[in-house]
Number of protein chains: 2
Amino acid sequence: MSRPDARIPEHPEPHEITLQAVLEALVDPVRRSIAAQLHRAGEDISCGKFDLPVARSTATHHFGVLREAGVIRQYYVGTSRMNTLRADDLNSRFPGLLDACLQAETTTPDPEP
Amino acid sequence: MSRPDARIPEHPEPHEITLQAVLEALVDPVRRSIAAQLHRAGEDISCGKFDLPVARSTATHHFGVLREAGVIRQYYVGTSRMNTLRADDLNSRFPGLLDACLQAETTTPDPEP
DNA sequence: GTCAAACTTTGATGCTCATCGACCTTTGAG
DNA sequence: CTCAAAGGTCGATGAGCATCAAAGTTTGAC
């Protein structure tokens, strides 16, 4: 079988996405910022293009959490790992949840710790 | 001054409710269960009437987190502390968020750890 | 083949939080 | 006043998680 790309980790199927995992993913401000940047851009973004306040190894961790929760989809283009927001999958499984988080994310300024 | 009841702790005003706090509150399955039971009942419930899998002192902690996040409102009736779901406040501040969590809570079975 | 770019992996660390048992407080009934 | 009911408070404990630096891996260009 022609495996697409051995570097691409597992994504949950739409029906495997759980509310618990999505909430755990979106409760972190860094991860919510990733989702918001992806939403605002309207196009796929590589991991390195995000504006994030953490080290790259930490960012990798956050992308993994989002992917395993089913919030983003990842695929490789060369050495760049691209990221897509799985808005349709989330909206059909938990209607209103993603929009509520994203809308609040853009209208409400981040709470500075 | 006729203070309403010295035992009643602080509640955030509607505009003080933050997405971060609400998500932190609803990410815990026990707290989400409290919100869901309150929603299903359609009426206020005292702390002792909830069906919760934790000790009483732990439940007290969870009620406090929900109250400080603005998810529930609490008031005393005798020795009983009653709880109200602040659905209107949440819906006007983060439209769709509460419904998304509650709907998924009732249709999706709890993930047993 | 060589090299840099772009991520990932691997510990290690530190902090937050859910949990509990034991004890204290307030209220209302008798 | 006395008591039981309903909760709250107080440490203590343990697990999970976000964070980082350092080293490893994979790819594409030259």
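Below, chains carry the letters A, B, ... as their sequence lines are ordered, and counting in each starts from 1. Note that this is a predicted model, so its numbers are computed, not measured.
Side chains of B:Tyr75 and B:Asp44: a donor on one and an acceptor on the other come within 3.5 Å.
The two atoms that bring A:His61 and A:Arg31 nearest to each other are NE2-NH1, 4.2 Å, heavy atoms only.
Distance CG (A:Leu52) to P (D:dT19): 10 Å, rounded to an integer number of Å. When the C1' atom of D:dT19 is taken as reference, atom CG of A:Asp28 falls 11 Å away, rounded to whole Å. Rounded to a whole Å, the CZ atom of B:Arg32 is 15 Å from the C1' atom of C:dA18. Between B:Tyr76 atom OH and C:dT25 atom P the separation is 14 Å, expressed in whole Å. Rounded to a whole Å, the CZ atom of A:Arg81 is 15 Å from the P atom of D:dG28. When rounded to the nearest whole Å, the span between NZ of A:Lys49 and P of C:dA5 equals 12 Å. Look at CG on B:Asp44: it is 17 Å from C1' on D:dA6, rounded to the nearest Å. Rounded to whole Å, the distance from CE on A:Met82 to P on C:dT8 is 13 Å.
Closest to the B:Ser80 side chain, of the nucleotides D:dG8, D:dG7, D:dA21, is D:dG7. Taking only side-chain atoms of B:Arg31, from C-beta outward, the nucleotide of C:dA18, D:dC20, C:dT19 with the closest atom is C:dA18.
Place A:Val77 and A:Val54 on DNA chain D by their nearest nucleotides, and A:Val54 ends up nearer the 5' end. Ranked by how close their nearest DNA chain D nucleotide is to the 5' end, A:Glu24 and A:Gly78 are led by A:Glu24.
Judged by distance alone, with hydrogens and angles left aside, the side-chain atoms of B:Gln20 form a donor-acceptor pair with the main-chain N or O of A:Val27 at under 3.5 Å.
Residue B:His11 qualifies as enclosed at atom NE2: its count of foreign heavy atoms under 6.0 Å is above 12.
Contacts of residues 56-72 of chain B with DNA chain C (heavy atom under 4.0 Å): B:Ser57, B:Thr58, B:His61, B:His62.
By the side chain to side chain donor-acceptor pair (under 3.5 Å) test, B:Asp99 is found to be paired with no residue, residues two or more places apart in sequence or in another chain being considered. With sequence neighbours excluded, no residue forms a side chain to side chain donor-acceptor pair (under 3.5 Å) with B:Thr60.
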Verify side-chain contact (heavy atoms from CB on, under 4.5 Å) between A:Leu19 and B:Arg32, making sure each step is shown before the conclusion.
CA-CA 11 Å; A:Leu19 176 65; B:Arg32 219 159 53 238; 3.6 Å; yes

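Under 4.0 angstrom from either OP1 or OP2 of D:dG7 there lies at least one side-chain N or O belonging to B:Ser46.
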